[in-house]
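To keep things clear, I will list the structure first and then write my remarks on it.
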Amino acid sequence: MRKQWQQVGNPSSLHGAGRQARRVVEESREQIADCVGAKPADIIFTSGGTEADNLALKGIARNSGRRRILVSAVEHHAILDPAEALREEGWVIDHVPVDGLGRVVPERLAEMLDDDVAVVAVMWANNEVGTIQPIPEIATLCRRRGIPFHTDAVQALGHVALDVADIPSVALSAHKVGGPVGVGALVLDRDLGIRPLVHGGGQERDVRSGTLDAAGIAGFAAALAAPEVDTAGLRDALIEGVIAAVPDAVVNGDPRHRLNNNAHFSFPGCPGDALLMLLDAAGIAVSTGSACTAGIPRPSHVLIAMGADESVARSSLRFSLGWNSTRRDVEALIGALPAAVARARRAGGAA
Ligand code: PLP
């Protein structure tokens with residue numbers, strides 16, 4: 001990235017500096033495509049996962065001539081909110097339910113499909129509880145019915161072995177794999193019709209306009225090329241340690257199909273916001289839900305969709321691990337947790 005920042009070329013320019021930047025973009029495109037089993041020509045660079053999700057949902061729906069859109073009830077707001085915007089334009093939006101572990105049941109989805117469905121969106125892995133969805137099965141189901149399928153793979157990238165060859169539309173983001181913020185991609189089957197969201201120079205196949213960020217794109221490819229770090233062992237140690245430290249804590253999400261960098265708990269009677277602040281004071285950064293919705297005092301729509309009541313949803317926290325997390329980090333959390341939980345419970349009025 002540093003090398004590319006020192007170059008002035010615009011990848012769309014024909015002079016030498018432009019061609020140099022174009023080379024960086026195209027090599028990065030090939031590397032990113034290779035990591036997820038896609039064709040390089042299917043990659044459309046965007047400003048991140050949010051733009052990729054918006055482009056897919058709005059672009060596919062507006063091109064379809066159909067009027068229904070199905071999105072899972074546990075989607076990120078990057079899907080839920082464009083769906084609501086489309087509802088205002090006249091589309092019928094239906095939420096696909098999940099079970100108590102946060103999984104879409106393919107048979108239930110199959111019952112909801114009909115010939116008026118413009119697009120189905122189910123995320124590959126959930127950003128709050130870490131549940132991984134049966135995406136190949138859902139993609140096959142939609143393909144057999146001739147319905148375009150989009151998956152938000154922002155959280156799955158780098159943690160699940162992704163093969164997107166048979167999936168028409170997939171959203172990716174660089175910063176979830178240690179790359180720069182503000183770069184992402186929509187992997188879009190060239191045969192799938194779509195309306196652009198952003199009009200202009202038509203840089204990305206006429207589907208997405210705007211000068212490409214060659215340095216950011218190079219950073220995205222470099223992050224994906226870094227050796228994978230398997231955090232599953234650390235995650236299991238974290239779950240075990242948290243339960244030992246706070247025996248009435250409840251683990252949320254699917255115990256088998258879950259992200260290797262995510263652990264999500266409810267602490268009965270303990271306000272999640274207070275616990276977050278107390279842990280933060282101890283140098284431990286956690287989240288009460290999606291970081292993108294933090295600050296909005298609403299219980300998590302993900303936990304509510306999984307059948308949790310509001311008090312459980314408000315007493316829940318997500319712990320995420322990164323490529324640089326260590327056993328000492330986990331030990332620090334487990335050491336700080338009992339006192340923080342006791343104090344947060346007192347603040348919340350519990351015994
Ligand atoms: N989708 C999911 C599942 C996410 O977790 C996020 C970000 O946290 C996004 C989409 C948005 O991606 P970006 O931050 O690149 O816009």
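Ligands are counted one by one from 1 in listed order, and the atoms in each one are counted from 1 as well.
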Identify the residue among Arg318, His264, Glu128 that makes a side-chain hydrogen bond (donor to acceptor under 3.5 Å, both in side chains) with Ser300. Glu128
Only heavy atoms of [X], strictly under 4.0 Å: list the atoms of ligand 1 that pass.
X: Gly48; value: 15 (O)
X: His175; value: 13 (P), 14 (O), 15 (O)
X: Thr50; value: 11 (C), 12 (O), 13 (P), 16 (O)
X: Ser173; value: 13 (P), 15 (O)

Closer than 4.0 angstrom, basic N to acidic O: yes or no for [X] and [Y]?
X: Glu89; Y: Arg62; answer: yes
X: Arg314; Y: Glu310; answer: yes
X: Glu331; Y: Arg328; answer: no
X: Asp248; Y: Arg345; answer: yes
X: Lys39; Y: Asp189; answer: no

May I ask which of Glu128, His77, His76 has a heavy atom nearer to atom 4 (C) of ligand 1 than the others do? His76
With backbone taken as N, CA, C and O and side chain as the heavy atoms from C-beta onward, which portion of Met123 lies under 4.0 Å from ligand 1: side chain, backbone, both, or neither? side chain
Do ligand 1 and Gly49 have nitrogen or oxygen atoms that lie under 3.5 Å from each other? yes
Report yes if Asp152 has an N/O atom closer than 3.5 Å to an N/O atom of ligand 1; otherwise report no. yes
Check contact between Lys176 and ligand 1, using heavy atoms of the residue and a distance below 4.0 angstrom. yes
Quick check against the 3.5 Å criterion: does Arg208 have a side-chain atom that pairs as donor or acceptor with the backbone of Gly202? no
